[in-house]
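Below is one structure, written out as structure tokens; comments come after it.
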Amino acid sequence: MKNSKIAIIGGGNLGAAIAEGLIKSGFVTPQHITITRRNIDALQHLKVQGVNTTSNNKEAIQNSNVIIVALKPYNVKEVLEGLKENFDASKHIVISVVTGVSLKDLTAIVDHGVPIFRAMPNTAIAIQESVTCICHSGAKNDQVNYVKELFDQLGITVAIDEKLMDAATVLGACGIAYALRFIRAATQGGIEIGFDAKTASLIAAQTVNGAAELLLKGNRHPEEEIDKVTTPKGCTIAGLNEMEHRGFSSSLIKGVITSYEKIGK
Ligand SMILES: NC(=O)c1ccc[n+]([C@@H]2O[C@H](COP(=O)([O-])OP(=O)(O)OC[C@H]3O[C@@H](n4cnc5c(N)ncnc54)[C@H](OP(=O)(O)O)[C@@H]3O)[C@@H](O)[C@H]2O)c1
């Protein structure tokens with residue numbers, strides 16, 4: 001499937017970020033990507049790089065093998081219904097990044113035995129640092145490997161069962177907001193103890209970056225790393241315990257569960 005032509009239907013924030021990332025990584029040449037939206041003037045930044053931009057979804061699908069659907073959930077059915085005659089199982093795979101539209105629903109719309117994937121990235125896809133959870137229906141091994149490789153260009157990829165897609169949305173996509181709020185709060189604390197806002201924000205953000213890298217690159221458990229910085233009777237454990245007394249871990253866990261309950265409604 002290497003060198004497949006890719007159509008991105010719905011070139012908004014996510015669709016355009018996927019195109020940018022795939023070009024930057026060298027996974028595909030700009031000429032092998034076609035991206036669509038009604039207001040194609042908004043795709044000028046991709047057009048100047050050599051990407052095909054059009055508002056003709058039918059043409060985009062006919063000229064491509066991999067169809068990435070990045071429409072809003074409320075118009076995916078209407079748009080795909082109008083295009084269903086153009087899908088061909090011997091030529092196409094469909095990858096939907098649309099939140100909340102199931103493989104079953106997508107299969108019912110697209111039909112023709114076309115292999116369907118769902119992928120849930122987060123906004124860090126814009127800088128190729130997403131975690132993208134993927135599940136599929138009816139795909140062959142080479143197609144599964146191709147889709148994994150595609151999203152690996154944009155961060156890391158985790159294969160999941162579809163029943164975990166809502167959980168993936170909360171932990172990975174909403175998770176960006178939780179992490180940013182942590183950085184914002186740490187910054188506010190940093191200002192109170194003497195830093196200007198810009199410096200406090202830089203220190204807080206890079207500290208979170210370093211902490212994450214310790215886990216990802218060092219393959220460590222968080223508590224193992226926490227133990228290294230908590231000197232007996234020291235300031236770290238005193239601050240950490242105060243945060244816990246005030247419900248730090250508990251509020252995070254409850255927030256994750258609240259988001260999950262909301263998404264399921
Ligand atoms: N942003 C994220 O971090 C994120 C993460 C995970 C999943 N998602 C999911 O990804 C999807 C897209 O999100 P987004 O933030 O990128 O939304 P968005 O910026 O609104 O992008 C959707 C695009 O679809 C285009 N569109 C509408 N009708 C169309 C049609 N008939 N043909 C072709 N294009 C059409 C719109 O452009 P025109 O109005 O110009 O046509 C718009 O730019 C959503 O389902 C969202 O739930 C987003």
Side-chain angles (χ1 to χ4, degrees), residues 6-22 33-47 51-64 66-87 94-103 105-106 109-110 116-136 147 150-151 153-160 162 164-181 256 259-260 262-265:
I6 299 172
I8 301 171
I9 307 296
N13 295 316
L14 187 53
I18 291 172
E20 290 271 11
L22 292 178
I33 301 179
T34 303
I35 184 161
T36 76
R37 64 181 289 172
R38 290 162 303 181
N39 172 19
I40 54 167
D41 289 347
L43 298 171
Q44 191 60 25
H45 64 295
L46 291 168
K47 190 175 181 182
V51 173
N52 307 298
T53 62
T54 175
S55 49
N56 189 332
N57 292 324
K58 190 174 158 188
E59 208 175 275
I61 292 170
Q62 283 171 347
N63 294 334
S64 306
V66 176
I67 316 300
I68 300 177
V69 181
L71 296 160
K72 286 285 194 204
Y74 58 77
N75 67 354
V76 69
K77 189 166 193 283
E78 181 199 335
V79 176
L80 289 186
E81 286 276 7
L83 297 165
K84 69 190 293 179
E85 293 316 315
N86 300 286
F87 287 105
V94 170
I95 306 169
S96 165
V97 293
V98 182
T99 312
V101 181
S102 68
L103 289 171
D105 291 343
L106 290 161
I109 303 168
V110 174
I116 315 252
F117 291 78
R118 279 182 72 190
M120 179 49 62
N122 63 32
T123 49
I125 202 164
I127 51 157
Q128 293 94 59
E129 290 287 355
S130 174
V131 55
T132 305
C133 293
I134 295 181
C135 61
H136 68 91
V147 174
L150 186 153
F151 284 102
Q153 313 302 314
L154 307 169
I156 66 164
T157 308
V158 180
I160 62 167
E162 189 182 23
L164 285 172
M165 221 10 132
D166 283 351
T169 307
V170 170
L171 206 56
C174 307
I176 287 274
Y178 310 148
L180 289 170
R181 184 55 65 83
V256 168
S259 290
Y260 184 71
K262 182 85 180 167
I263 209 175
K265 278 184 185 156

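Order of appearance sets the numbers: ligands from 1, and atoms from 1 within every ligand.
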Can you tell me if NZ on K84 sees more than 12 non-hydrogen neighbours from other groups inside 6.0 Å? yes
Residue-ligand contact A70/ligand 1, heavy atom below 4.0 Å: yes
Does only the side chain of N57 get under 4.0 Å from ligand 1, or the backbone, or both, or neither? Count heavy atoms. side chain
Number the atoms of ligand 1 from 1 as they appear, then name those within less than 4.0 Å of a heavy atom of N75, with their elements. 27 (C), 28 (N)
Any idea which protein heavy atom is nearest atom 19 (O) of ligand 1, and the distance to it? N13 N, 2.9 Å
Just go through N39, L43, V97 and tell me whose heavy atom is the nearest to atom 7 (C) of ligand 1. V97
For ligand 1, is there an N or O atom under 3.5 Å from any N or O atom of R38? yes
So does L103 have more than 12 non-hydrogen atoms from other groups sitting under 6.0 Å from CG? yes
Under 4.0 Å from a heavy atom of P73: give me the atoms of ligand 1 that qualify, with their elements. 44 (C), 45 (O)
Can you find a heavy atom in the side chain of I9 that is under 4.5 Å from one in the side chain of I61? yes
Evaluate the side-chain proximity of L106 to R118: yes if any heavy-atom separation is below 4.5 Å, no if none is. yes
Atom 20 (O) of ligand 1: the protein heavy-atom neighbour that sits closest, reported with distance to 0.1 Å: K72 CE, 3.1 Å
For ligand 1, which atoms, with element, lie under 4.0 Å from some heavy atom of V98? 45 (O)
Counting each atom of ligand 1 from 1 as listed, which ones have a heavy atom of M120 under 4.0 Å away? 6 (C), 7 (C)
Got the closest protein heavy atom to atom 31 (N) of ligand 1, with its distance? V79 CG2, 3.5 Å
Any N or O of L71 that comes nearer than 3.5 Å to an N or O of ligand 1? yes
Using side-chain heavy atoms (C-beta onward) and a distance below 4.5 Å, is I125 in contact with L14? yes
Identify the closest protein heavy atom to atom 46 (C) of ligand 1: which residue and atom is it, and at what distance? T99 OG1, 3.5 Å
Rounded distance [0.5 Å steps], CD1 in I263 versus OG1 in T169: 4.0 Å
Heavy-atom side-chain contact between P73 and V98 under 4.5 Å: yes
Nearest non-hydrogen contact with atom 14 (P) of ligand 1 belongs to which option: V69, I9, L14, L83? L14
A173-ligand 1 polar pair, N/O distance under 3.5 Å: no
Passing candidate, side-chain contact (heavy atoms from CB on, under 4.5 Å) with F117, options I134, I68, V97: I134
Just so I know, are the side chains of V170 and Y178 near enough to count as touching, which here means a heavy-atom distance under 4.5 Å? yes
Considering the heavy atoms of T36, write down every atom of ligand 1 situated less than 4.0 Å from one of them. 33 (C), 34 (N)
Between N86 (side chain) and Q62 (backbone), is there a donor-acceptor pair under 3.5 Å? no
So which bit of P121 gets within less than 4.0 Å of ligand 1, heavy atoms only: side chain, backbone, both or neither? both
Report yes if the side chains of Y260 and V256 come closer than 4.5 Å at any heavy-atom pair, otherwise no. no
Taking atom 2 (C) of ligand 1 as the point of reference, which of D41, T132, T123 owns the nearest heavy atom? T123
